[in-house]
Amino acid sequence: MNTKELHLKDQNTKSKSPLRPFALSCFRALVLSCLFLFSFPAMQGQDQNRFLQIENKLKALEAEVPGLDEKIELSVSDISIQEFIRAIASTSKVNIYIDPALDMRITNNFSDVSVSAVLLFLCKQYDLDITFFGNILSVSKYVPPAVEQPVAIPPPKPISIKYDTAAQTITMDLSNDSLFKVTKEITRQTGKNIIFSPEISATPVSIYVENVPVDNAIDKLALSNGLISTVTRDGFYILEKPAAQAAQAASGSGAMRNRQGGRQNSGGYEYNISNNLITLSAQDVAITDIINDISRELKLNYFIYSNVQGNITTQLYNATYDQLLERLFNGSQYTVSKAGAVYMIGERQLEGLRQTKVVQLQHRSVDKIVEHIPKELQKDVSIKEFPELNSIVLSGSKLMIDEVELFLRSVDKVVPVVLIEVIIISSKKYYNVSTGLSAGLGEAPAPTSFLVSTAGIQTTLSSKTLNEIISGINGFGSLNLGKVTPNFYVSLNALEQQGVVKIHSTPRLATLNSHEATLVMGETEYYKEIQNTVVGTQNPQNIQAFQYKAINANLSVSIKPMFSGDDQVTLDIKVEQSGFKKNRVPDAPPGSDNKSFTSLIRIKNEEMVLLGGLEEKTNSNTGSGLPLLARIPILKWIFSSREKEKMDSQLNIFIKPTVLF
């Protein structure tokens, strides 16, 4: 049979407890372990918050029920939790209700612990919960809240829209699809911005078109669903209801208000305001009348610096107050500026309406950007460059500043860098044969020489040698050639040259889009220029001066890339090649040979193109000699000199553009 012990001591009343002395040491050890368990977070997340709420409620209730703060000493062994809590409630005079369904057995020792701490420990240890009814505590088993199962949401209906980027046509198969989702998908695929009033965003639309231009498709979409499509100057498409439907819709939310303008020549107009959106129909109405009535209706603060002149005729649907003012003053000498909650209206040049704004460019340089701003936008706006910050300083009315800033933002795009790889292959093959026999009388007897080199054979026969040869020939029959004079000589030349020259160059050029990149390779030769100057008349003296002048022969390649949005690169290519010719006149400047071509091609990004055609073939066969004898076979080799030359040259250029962002 289980034994049960229950000993309580109320320290505030100092009543004696029947607790036996030998159990005091056990109390202290158990209290330390219980305090450790109490300080250790037994649960995380939601349970931790629950225990914190119970603790805060117990502390708040201690002012009404002092027994919760009383210290008790407690020792129990195998006792039901109901008897244990009843004993605490009876001793500390705390109203506690225990759920009869609780059947836990408790064995614990507590010493110098408040009733609140014991109750909180029981909640953590045995997963209990305390419900507070005034100063009554109800202890029961904690039941976690039921977890709501997520409701299965059916997948959204796909919007059947396909856009052909190459042909720029669109196919739509719509059936009661939301106007908001349809226009969003059209804008995502085509980049066409479509706006409409919030009241028609949920309008179901249906249409089927196949492979039609985008502009035509948007018009047919609006027409088939009872809407009107218009295009603004900045390329936005506006979808709206016809005027009759808009008036009927406005009458449902609030009747159109009729106003008679107080100014002379001012006609009547109607307007409606719903959800701070303005629908306005005006025919030759004074601008100030519209501002006064609508500002008073919307309870907006405004201040007019100068008398606003002029009437306006307009039809406006679901516009904000700011959009209304922008439409009223667009193209006029007046502007609007907002300071806090006050709208300030007046002429653009007034001090209170001028603004200054610094627009910093992110991707482009401010250098020469002002030259590209349209002249119409520069009117009444002061535009200054600030190179240190890569910014533009704008000063003028807010509306004009906003237009200039909008233009600057539209052109402030990332300019791609085009890396151009150029492979230049130049080859030259030549062959030259020169033969000739020359004879003559020199100023002195010429010595006999014989030279054999890699260039050919060069020999000179003196008169003595020739006479010896002639003497050897004389004596054959009646043949007698006689002798030559002492200064006579004969020269024989036989030269041959051939070779192959190849040049391979692989430069890389990088330039911004639509900017030219140039490559120049060449060589320089010098020739001597002599200048004679005669000084004096009676005893003239000839003074000779000379200088060396340079002549260049270059290979020049200029490429201007233009990258387009379809991953195509247009290349404007200019190639010029010049070379030196053989100098046929002694001491004359060397001749030059020039070739050039211009090409405009379009290739895909990172593709290579071959530019050839600079090919030259030269064949020459020239000769000189004695008349008649130089044309007789066999004898022409003795009485003439000949030169035969053959040369082939070719230039190939490979170009590969790579676009980098």
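Sequence positions, counted from 1, serve as the residue numbers for this chain. Any value given below was found using the heavy atoms of this structure, including those in side chains, with hydrogens, waters and symmetry copies removed. Note that this is a predicted model, so its numbers are computed, not measured.
The minimum heavy-atom distance linking S514 with K560 is given by the pair O-CE, 3.4 Å. Counting all heavy atoms, side chain and backbone alike, I207 lies closest to V209 at CD1-CG1, 3.9 Å. What you find for F51 and C123 is that their closest heavy atoms are CE2-O, 3.9 Å. V569 and N605 get closest at one heavy-atom pair: CG2-CA, 4.3 Å. When all heavy atoms of I170 and P213 are compared, the closest pair comes out as CG2-O, 4.4 Å. Across all non-hydrogen atoms, the minimal contact from V411 to I369 is CG2-CD1, 4.3 Å.
Every residue two or more places apart in sequence or in another chain was checked for a salt bridge (charged side-chain N to carboxylate O under 4.0 Å, His left out) with E516, and none qualifies. Judged as a side chain to side chain contact (heavy atoms under 4.5 Å, CB included), and not counting sequence neighbours, the contacts of S556 are T518, V520, S558, E576. Taking S229 as the reference, I218, D219, A222, Y237, L239 meet the side chain to side chain contact (heavy atoms under 4.5 Å, CB included) condition, with sequence neighbours excluded. Residues passing the salt bridge (charged side-chain N to carboxylate O under 4.0 Å, His left out) test with D215: none are found, sequence neighbours excluded. Here T169 pairs with nothing under the side chain to side chain donor-acceptor pair (under 3.5 Å) rule; sequence neighbours left out. A search for side chain to side chain donor-acceptor pair (under 3.5 Å) contacts involving R602 returns D566, not counting sequence neighbours. Every residue was checked against the side chain to side chain donor-acceptor pair (under 3.5 Å) condition with N554, not counting sequence neighbours, and none meets it. Listed by chain and number, the residues in a side chain to side chain contact (heavy atoms under 4.5 Å, CB included) with S295 are I291, Y302, Y321 (sequence neighbours excluded). In this view, E405 and K357 satisfy the side chain to side chain donor-acceptor pair (under 3.5 Å) rule, not counting sequence neighbours. Residues passing the salt bridge (charged side-chain N to carboxylate O under 4.0 Å, His left out) test with D412, sequence neighbours excluded: none. Listed by chain and residue number, nothing satisfies the side chain to side chain contact (heavy atoms under 4.5 Å, CB included) test with L223 (two or more places apart in sequence, or in another chain).
The CZ atom of F236 sits 9.5 Å away from the OG1 atom of T187 when rounded to the nearest 0.5 Å. Note that OH of Y271 is 4.5 Å distant from CD of E297, once rounded to the nearest 0.5 Å. Summarising the geometry, atom CD belonging to Q53 is positioned 12.5 Å from atom CD1 belonging to I130; distances are rounded to the nearest 0.5 Å. Interatomic distance, OH of Y317 versus NZ of K241, reported as 12.0 Å (0.5 Å rounding). A distance of 16.0 Å separates NE2 of H515 from CD1 of I559, quoted to the nearest 0.5 Å. With rounding to the nearest 0.5 angstrom, the NZ atom of K59 is 13.5 Å from the CD1 atom of I54.
Side-chain contact check for K604 versus Q568: some heavy-atom pair is nearer than 4.5 Å. Residues Y208 and L174 are not in side-chain contact: their nearest non-hydrogen atoms beyond the backbone lie 4.5 Å or more apart. Contact of the T314 side chain with the V285 side chain is not registered, since no non-hydrogen atoms from C-beta on lie closer than 4.5 Å. By the 4.5 Å heavy-atom criterion applied to side chains, E240 and N318 are not counted as neighbours. The shortest distance between side-chain heavy atoms of L394 and I392 falls below 4.5 Å. Contact annotation: the side chain of L324 approaches that of L328 to within less than 4.5 Å [non-hydrogen atoms, C-beta and beyond]. Within the 4.5 Å cutoff, the side chain of K57 has no heavy atoms near those of the L61 side chain. Using a 4.5 Å cut-off on side-chain heavy atoms (C-beta onward), I653 and I423 make no contact.
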**Message:** Go through it in stages, so that I can follow the logic: the residues are T658 and E606, the test is side-chain hydrogen bond (donor to acceptor under 3.5 Å, both in side chains), and I'd like the CA-CA distance, side-chain angles, deciding distance and then a yes or no.
**Reply:** CA-CA 5 Å; T658 303; E606 297 186 5; 4.9 Å; no

**Request:** Give the C-alpha distance, both sets of side-chain angles, the deciding distance and a yes or no for salt bridge (charged side-chain N to carboxylate O under 4.0 Å, His left out) between E371 and K368.
**Result:** CA-CA 5 Å; E371 300 177 1; K368 298 183 179 180; 5.7 Å; no

**Asked** side-chain contact (heavy atoms from CB on, under 4.5 Å) between I603 and M608: does it pass, once the steps are laid out?
**Response** CA-CA 8 Å; I603 61 174; M608 182 171 288; over 6 Å; no

**Request:** In sequence, state the C-alpha distance, the side-chain angles, and the governing distance for L316 and I278, and then conclude on side-chain contact (heavy atoms from CB on, under 4.5 Å).
**Result:** CA-CA 8 Å; L316 195 62; I278 305 165; 5.6 Å; no

**Request:** Go through the steps for V557 and L509 under the test side-chain contact (heavy atoms from CB on, under 4.5 Å), then give the verdict.
**Result:** CA-CA 11 Å; V557 180; L509 307 176; 5.9 Å; no

**Asked** side-chain contact (heavy atoms from CB on, under 4.5 Å) between Y163 and Q168: does it pass, once the steps are laid out?
**Response** CA-CA 7 Å; Y163 178 64; Q168 295 186 351; 3.6 Å; yes

**Asked** Do S160 and D173 pass the side-chain hydrogen bond (donor to acceptor under 3.5 Å, both in side chains) test, and can you show the C-alpha distance, the side-chain angles, and the key distance before you say yes or no?
**Response** CA-CA 5 Å; S160 180; D173 185 5; 4.7 Å; no

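Counting only distance, with no hydrogens or angles, the side chain of N513 and the backbone of V417 share no donor-acceptor pair below 3.5 Å. Of the possible polar contacts, one joining the Q189 side chain to the I161 backbone as a donor-acceptor pair under 3.5 Å is found. Checked by atom type and distance alone, the side chain of N56 pairs as donor or acceptor with a backbone atom of L52 at under 3.5 Å. At least one donor-acceptor pair closer than 3.5 Å links the side chain of N225 to the backbone N or O of S206. Between the side chain of D322 and the backbone N or O of T320 there is no donor-acceptor pair closer than 3.5 Å. Distance alone, capped at 3.5 Å, is enough to place a donor-acceptor pair between the Q378 side chain and the I373 backbone. In terms of modelled atom types and a separation under 3.5 Å, the side chain of S395 and the main chain of T356 share no donor-acceptor contact.
Atom CZ of R327 is surrounded by 12 or fewer heavy atoms from other residues, nucleotides or ligands within 6.0 Å.
Taking 4.0 Å as the cut-off between side-chain N and carboxylate O, R188 and E185 count as a salt-bridged pair.
A donor atom on one side chain and an acceptor atom on the other are not found under 3.5 Å apart for E210 and T171.
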All N/O donor-acceptor pairs, side-chain side in residues 382-390, below 3.5 Å, sequence neighbours left out:
from, atom 1, to, atom 2, distance (Å)
N390, OD1, V366, N, 3.0
N390, ND2, L361, O, 3.2
N390, ND2, R364, O, 2.9

